[in-house]
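All figures in this text were calculated on a predicted structure; none of them were measured in a lab.
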Amino acid sequence: MPSRRRFLTGAAAAPVALAAATACEAGDEARPAQLNKPAAAMPAVQGPASDRLNFVVILADDLGYGELGSYGQKLIHTPRLDALAAEGLRFTEAYAAAPVCAPSRCSLLTGLHSGHSTVRENPWGPGGQGALTDRDFTFAEALRAHGYRTGIIGKWGFGPELPDQPSHPNSRGFEEFYGYIGHGHAHEYFPEYLWHNGTREEIPENKDGARKVYAPHLIQDRALSFINDHQSEPFLLYLAPTVPHAPSQDPDAGEYADRPWTGPNKRHAAQVTSFDTLVGNVTDRLTELGIADRTIVLVTSDNGPHEEGGTDPELFNGNGPLRGIKRNLYEGGIRVPLIAWSPQHVRSGTTDRPTPLTDLLPTLADLAGAPAPTDVDGLSLAPLLRGSNDTARHDSLYFYRNHANITPRSDAYDLGRGRRLAEALRRGDLKAVRFAPGQNRRAPDDQWDVELYDLAKDPGELHDLAAARPAQADELVKLMRESWAPEYRRKPFGVTLQITGQGPDFTVTATFTNGSARPWTSARLTLHTPSGWRIHALDALSKPRLDTGDHLTARWKVTPTQVATATTLICRATAEHADEEITYTASTKLN
């Protein structure tokens, strides 16, 4: 019988009728009671929706630092994003966690940099498609536990491409999912199918190479519907369209059709402008519904600009004044636009705080009033968004790249070292970049090429200072070594479930751990089994207080009367955090 942690949502409800065991003292026998709603559903939010902020996180795919007008773009029109940047807070030194998609998105979701995260490479070689695990905790899980409605529309980017598994969005806190599960499938703008939660939905209009239905249009429609459906509830929408990733495909080149550019460049520009229009349509919908004043919108990108499919980032100055593009650990490959906007909850202006996207998880949790794990690498931006200068700063920022697929320009920026494993670290204004002799991170330090740059004086990373400042270069290399963990061991957080024993009776053990920074009160465990099963609590199922690192463990003796197909046991753990209820859920399937 397997054991695993899951944070379930309404989209992944248990397939059988369940009874609840809620006895508070050891030895008390629970009275079976039919549940009135799916066991996986979270409780309704207490209090009016206006008491909670909504969040919309919009992630472009391969949008460069210099591809928006507010960041210096001259050829591509992005009026809606430029207006948001003028009205909101524009970050001039925001960073993706990696120069390619999968590790960047893993870090964004989990708050762990690429020396600690589960997915650290794009799918290539024997490792194949990266996957999240039951050990991963996303910003959606943090807010879902606090009663938020959560959705991801667009590109998930982690495998396997199957429902009901730990790496599926529904298993990682997202109640609603529509789009692409896998990394490679997301490269298709006219796909033959997309996923809705655990169901593959065919798009017959695109069969056999037909190109009738453009996926970004479907993604926009679903995103706007999600906002409509949850306008009266607190919600988190993670909107991840695939533009402007290659191939540069758009139904037409729009306003760029008559430009003296190649076809791919015209359509790339059209994709960027269509992304701008999408963002504008989302903010317009928030305004029309009267909820913009209680919504925070964050817009960013997963890495620097690409050159695939004939697109020329130099034509558009896609990396601005920076060196490098997608795949490079120089600034152009990892520094990204980041705009925060809310009419009531985000100050206007600019900030040069070095800000990695790992900050999103603690920031969203902080603003929502939800607990978050203390072992993440991110720091909350909530004070900065509200206008305070007293926002915590990172001592250093770490980046990792191991990606054998190169493009001509990215390899040229790397001086022919594009297939070599590399890592970078920024502390203050100093940044070190180093290249391994191959793809072995364990190679001795004296076999690595090390470079050092002063970003305050040389943001384009043109003048290597490593030879002139060897002690400083060595110090940053030492921090790189310390930032990498072959396997990052997480502190317990939430609830886990285990089953032991064989025969007609077995024991279920649940452990509910407070891995956050604040105490929880009124902790309680409830076990749900199929109706009619006998459940006998062996331990107390409640505890008045869980301090940081403290836990509540309880066991039940379970006697099944019958085992239905795909029987699922579910444990719900509840507590009070800052006087509001939080709920975590773990499940295990019986063989």
Side-chain angles (χ1 to χ4, degrees), residues 57 59 91 93-121 130 132-133 135-143 158 172-173 238 298 300-303 329 333-336 338 351 353-367 370-385 391-402 422-428 430-433 441 476-494 515-518 548-549:
V57 177
L59 184 70
F91 290 73
E93 298 186 29
Y95 288 94
V100 289
C101 169
S104 175
R105 290 167 186 252
C106 178
S107 291
L108 176 142
L109 285 163
T110 64
L112 300 176
H113 64 57
S114 49
H116 290 158
S117 58
T118 301
V119 178
R120 307 187 191 189
E121 301 169 5
L132 300 184
T133 72
R135 298 184 301 277
D136 287 304
F137 183 86
T138 70
F139 55 63
E141 292 177 271
L143 270 61
F158 307 104
R172 301 271 60 85
Y238 173 35
L298 298 165
T300 188
S301 176
D302 60 352
N303 47 247
L329 286 180
I334 53 177
R335 196 186 293 195
V336 292
L338 173 60
T351 175
R353 174 191 184 269
T355 300
L357 298 184
T358 53
D359 287 348
L360 261 65
L361 186 154
T363 299
L364 294 174
D366 191 357
L367 291 167
T374 58
D375 62 350
V376 297
D377 298 307
L379 300 172
S380 175
L381 296 170
L384 178 64
L385 298 181
T391 300
R393 286 180 171 252
H394 293 268
D395 178 69
S396 62
L397 304 180
Y398 175 82
F399 309 91
Y400 171 79
R401 192 277 308 272
N402 191 18
E423 57 185 353
L425 186 135
R426 174 175 177 173
R427 188 175 68 171
L430 287 181
K431 178 184 171 186
V433 181
R441 196 182 173 280
L476 267 60
V477 167
K478 179 176 181 293
L479 289 173
M480 290 182 198
R481 288 195 227 100
E482 294 172 353
S483 298
W484 172 272
E487 182 177 352
Y488 184 60
R489 296 196 176 188
R490 302 298 306 271
K491 296 178 181 178
F493 186 99
S516 76
R518 299 181 60 174
T548 298

Q.
Distance check, rounded to the nearest 0.5 Å: L479 atom CG versus E482 atom CD?
A. 5.5 Å
Q: Please name all residues satisfying side-chain contact (heavy atoms from CB on, under 4.5 Å) with D377, sequence neighbours left out, ordered by chain then number.
A: L112, H113, H116
**Q.** Main-chain N/O of S107 paired to S117 side chain as donor or acceptor, under 3.5 Å
**A.** no
Q: Ignoring hydrogens and angles, tell me if any N or O in the side chain of S114 forms a donor-acceptor pair with the backbone of Y400 under 3.5 Å.
A: yes
Q. side-chain contact (heavy atoms from CB on, under 4.5 Å) between D395 and R427: does it pass, once the steps are laid out?
A. CA-CA 6 Å; D395 178 69; R427 188 175 68 171; 4.1 Å; yes
**Q.** Taking every non-hydrogen atom, the tightest pair across L357 and S301
**A.** CD1-O, 3.5 Å
Q: Give the minimum heavy-atom separation between A432 and L476, together with the two atoms involved.
A: N-CD2, 3.6 Å
(Q) Measuring from atom CZ of F399 to atom CZ of R401, what distance do you get when rounded to the nearest 0.5 angstrom? (A) 13.5 Å
**Q.** From L298 atom CG to L59 atom CG, the distance as rounded to the nearest 0.5 Å
**A.** 11.0 Å
Q. Got more than 12 heavy atoms from elsewhere within 6.0 Å of CZ, R518?
A. no
**Q.** Over all atoms of both residues, closest heavy-atom pair of S516 and T374
**A.** C-CG2, 3.4 Å
Q) Say you draw a straight line from OG of S104 to CZ of R120; how long is it, rounded to the nearest 0.5 Å? A) 15.0 Å
Q: Evaluate the side-chain proximity of L381 to T355: yes if any heavy-atom separation is below 4.5 Å, no if none is.
A: yes
Q) Which heavy atom in L338 sits nearest to a heavy atom in A94, and how many Å separate them? A) CB-CB, 3.6 Å
**Q.** Sidechain N-carboxylate O distance under 4.0 Å for K491, D375
**A.** no
Q: Kindly indicate, with the supporting measurements, whether the criterion side-chain contact (heavy atoms from CB on, under 4.5 Å) is fulfilled by T358 and Y398.
A: CA-CA 11 Å; T358 53; Y398 175 82; over 6 Å; no
Q: Under the side chain to side chain donor-acceptor pair (under 3.5 Å) rule, collect the residues that match up with Y95, sequence neighbours excluded.
A: E331, R426
**Q.** Charged N-O contact under 4.0 Å between E423 and R441
**A.** yes
Q: Might you work through the side-chain contact (heavy atoms from CB on, under 4.5 Å) test for R172 and L109, ending with a clear yes or no?
A: CA-CA 10 Å; R172 301 271 60 85; L109 285 163; over 6 Å; no
Q.
Return the OG1 to CG distance between T300 and L360, rounded to the nearest 0.5 Å.
A. 8.0 Å
Q) Can S380 and D366 be said to form a side chain to side chain donor-acceptor pair (under 3.5 Å), step by step? A) CA-CA 7 Å; S380 175; D366 191 357; 2.7 Å; yes
Q: For A424 and L329, work out which heavy atoms get closest and say how close.
A: N-CD1, 3.8 Å
Q. After noting the C-alpha distance and the side-chain angles of T351 and R353, does the key distance pass the side chain to side chain donor-acceptor pair (under 3.5 Å) rule?
A. CA-CA 6 Å; T351 175; R353 174 191 184 269; over 6 Å; no
Q) Could you go step by step and tell me if V477 and L425 meet the side-chain contact (heavy atoms from CB on, under 4.5 Å) rule? A) CA-CA 8 Å; V477 167; L425 186 135; over 6 Å; no
Q. Distance-only, no hydrogens or angles: does the D359 side chain make a donor-acceptor pair with backbone N or O of L379 under 3.5 Å?
A. yes
Q. How many angstroms lie between atom CG of L132 and atom CZ of R105, to the nearest 0.5 angstrom?
A. 12.0 Å
Q) Do D136 and T110 pass the side chain to side chain donor-acceptor pair (under 3.5 Å) test, and can you show the C-alpha distance, the side-chain angles, and the key distance before you say yes or no? A) CA-CA 7 Å; D136 287 304; T110 64; 5.0 Å; no
Q | Nearest non-hydrogen partners of H394 and P354, listed with the distance | A | CD2-O, 4.3 Å
